[in-house]
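As the structure is a computational prediction, the values presented were derived from the model and not from experiment. Numbered from 1 within each chain, the chains take letters A, B, ... in sequence-line order. The basis for the numbers below is simple: all heavy atoms, side chains too, and nothing from hydrogens, waters or symmetry mates.
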2 protein chains.
Amino acid sequence: MRRDIFQAIADPTRRAIIALIALQAMTPNAIAENFNTTRQSVSKHLRILTECELVKQEQQGREIYYSLEVEKIKEVDQWVSQFRKLWETRFNQLDDVLSTLKQQQK
Amino acid sequence: MRRDIFQAIADPTRRAIIALIALQAMTPNAIAENFNTTRQSVSKHLRILTECELVKQEQQGREIYYSLEVEKIKEVDQWVSQFRKLWETRFNQLDDVLSTLKQQQK
DNA sequence: AACTTGCGAAACCGAATGGTTGCACATACA
DNA sequence: TGTATGTGCAACCATTCGGTTTCGCAAGTT
C-alpha cells in the first residue's frame with residue numbers, strides 16, 4: 001500500500017517510535033514498553049511506518065526487529081528545503097536593511 | 001487553540017496552500033481558485049494553519065490576505081535535523097568502508 | 001437604502017484514524 | 001507433544017477529519 005510520509009509522521013506516537021528505533025532495532029514488545037499503549041497498537045503504527053518505507057524489519061526466530069530507514073526522512077528534508085531559501089533570503093534582506101542603516105549613519 | 005504543526009502539514013491540500021502563499025499573500029477566494037474545492041473548505045484549512053501559527057492574516061477592507069510564517073517551518077527542520085546526523089554518519093561509515101577497500105587493494 | 005461581494009461559523013455527513021479485544025499462527029521450550 | 005511466547009490480523013468502537021451546504025455579518029457599490 002502506498003502511503004504519504006507526512007501523514008505517517010503526523011502522529012506523535014509514531015514520531016516517538018521513529019526516534020526510538022533510530023538508535024537501535026527493536027521488537028514491537030520492547031517498543032510498546034516505552035509507551036502507555038498495547039503491543040497491537042504499536043504494531044499498527046509499525047505497519048503504517050513500513051507501508052511508507054520509513055521502517056524496515058528483520059526477522060530473527062520468532063522476534064521481528066524494526067529499525068529506521070533514515071534515508072526516507074530526506075523526503076521531509078527536501079520539502080523543508082524549498083522554504084529554507086525563503087528564510088535565508090529574509091535574513092539577507094534584514095542584513096541589507098542593517099547595512100543600509102549603517103551607511104546612513106556615516 | 002493549540003495545534004501540532006506535523007498534523008497541519010499532513011494534509012496534501014494544506015501543503016499546497018502553504019507553497020502557494022509562500023510566494024505572495026493571497027485571499028481565501030484566490031487560493032480556492034487554485035484547487036478543486038470550495039472557498040469554505042480552504043477557509044477551514046487556513047484556520048488550522050493559523051491555529052498552529054504557520055500562517056498570518058492581514059485584513060484589507062473586506063478582504064483578508066493570508067501569508068506564510070516561514071519561520072514556523074523551522075520546527076520541522078529541527079525535527080529532521082536529529083536524523084540528519086544519522087544519515088551523515090552513515091555516509092561516513094560508507095566512506096570508511098571504501099577507504100578500507102582501497103587500502104586492501106594496495 | 002438596497003444590492004453585491006468576501007468572509008467565517010455552524011450543522012451535517014461519509015470516511016479515515018487510533019485504540020482495544022479476541023483470535024490464529026509460527027517459533028521456542030519443557 | 002504440550003505449553004509459553006512473540007507476532008500480525010480482523011472486528012469493533014469512539015473520535016477526528018475533510019468536505020459541502022446554509023447562514024449571518026461586515027464592507028463596498030449602486
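- If you find the closest nucleotide of DNA chain C to A:Arg39 and to B:Ser43, the one lying nearer the 5' end belongs to B:Ser43.
- Look at CD1 on A:Ile64: it is 10 Å from C1' on C:dA26, rounded to the nearest Å.
- Here C:dG19 presents its P atom at 8 Å from CZ of A:Arg14, a figure rounded to the nearest Å.
- Evaluation of atom-type donor-acceptor distances gives no pair under 3.5 Å for the side chain of B:Lys44 against the base of C:dG8.
- At least one side-chain nitrogen or oxygen of A:Gln7 sits closer than 4.0 Å to the OP1 or OP2 atom of C:dT17.
- Residue A:Thr38 has a polar side-chain atom (N or O) positioned under 4.0 Å from OP1 or OP2 of C:dT20.
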message: Under the criterion side chain to side chain contact (heavy atoms under 4.5 Å, CB included), I'd like the reasoning laid out for B:Trp79 against A:Ile73: C-alpha separation, chi angles, the key distance, then a yes or no.
response: CA-CA 10 Å; B:Trp79 181 79; A:Ile73 299 188; 4.2 Å; yes

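- Sequence order on DNA chain D of the closest nucleotides to A:Glu63 and A:Arg47 puts A:Glu63 first from the 5' end.
- Close to C:dT5, at under 4.0 Å from its OP1 or OP2, lies no side-chain N or O of B:Asn29.
- Place B:Pro28 and A:Ile48 on DNA chain C by their nearest nucleotides, and B:Pro28 ends up nearer the 5' end.
- Among residues two or more places apart in sequence or in another chain, the side-chain contact (heavy atoms from CB on, under 4.5 Å) test is passed with A:Ala25 by A:Tyr65, A:Ser67.
- Of all nucleotides in DNA chain D having an atom under 4.0 Å from a heavy atom of chain A, the first and last in 5' to 3' order are D:dA4 to D:dC9.
- For C:dG6, the base has no donor-acceptor partner in the side chain of B:Gln40 [N/O atoms by modelled type, under 3.5 angstrom].
- Ion pair A:Glu71/A:Lys74 flagged as a salt bridge, since at least one NZ, NE, NH1 or NH2 atom sits closer than 4.0 Å to an Asp/Glu carboxylate oxygen.
- Residue B:Thr27 places at least one side-chain N or O under 4.0 Å from the OP1 or OP2 atom of C:dC7.
- When the side-chain nitrogen and oxygen atoms of A:His45 are compared with OP1 and OP2 of C:dT17, none of them lie within a distance under 4.0 Å.
- Ion pairing of B:Asp11 with B:Lys44 is absent here, as no side-chain N (NZ or NE/NH1/NH2) approaches a carboxylate O to less than 4.0 Å.
- Relative to the axis of its first five pairs, the axis of the last five pairs of the helix from C:dA1-D:dT30 to C:dA30-D:dT1 sits at 10°, rounded to 10 degrees.
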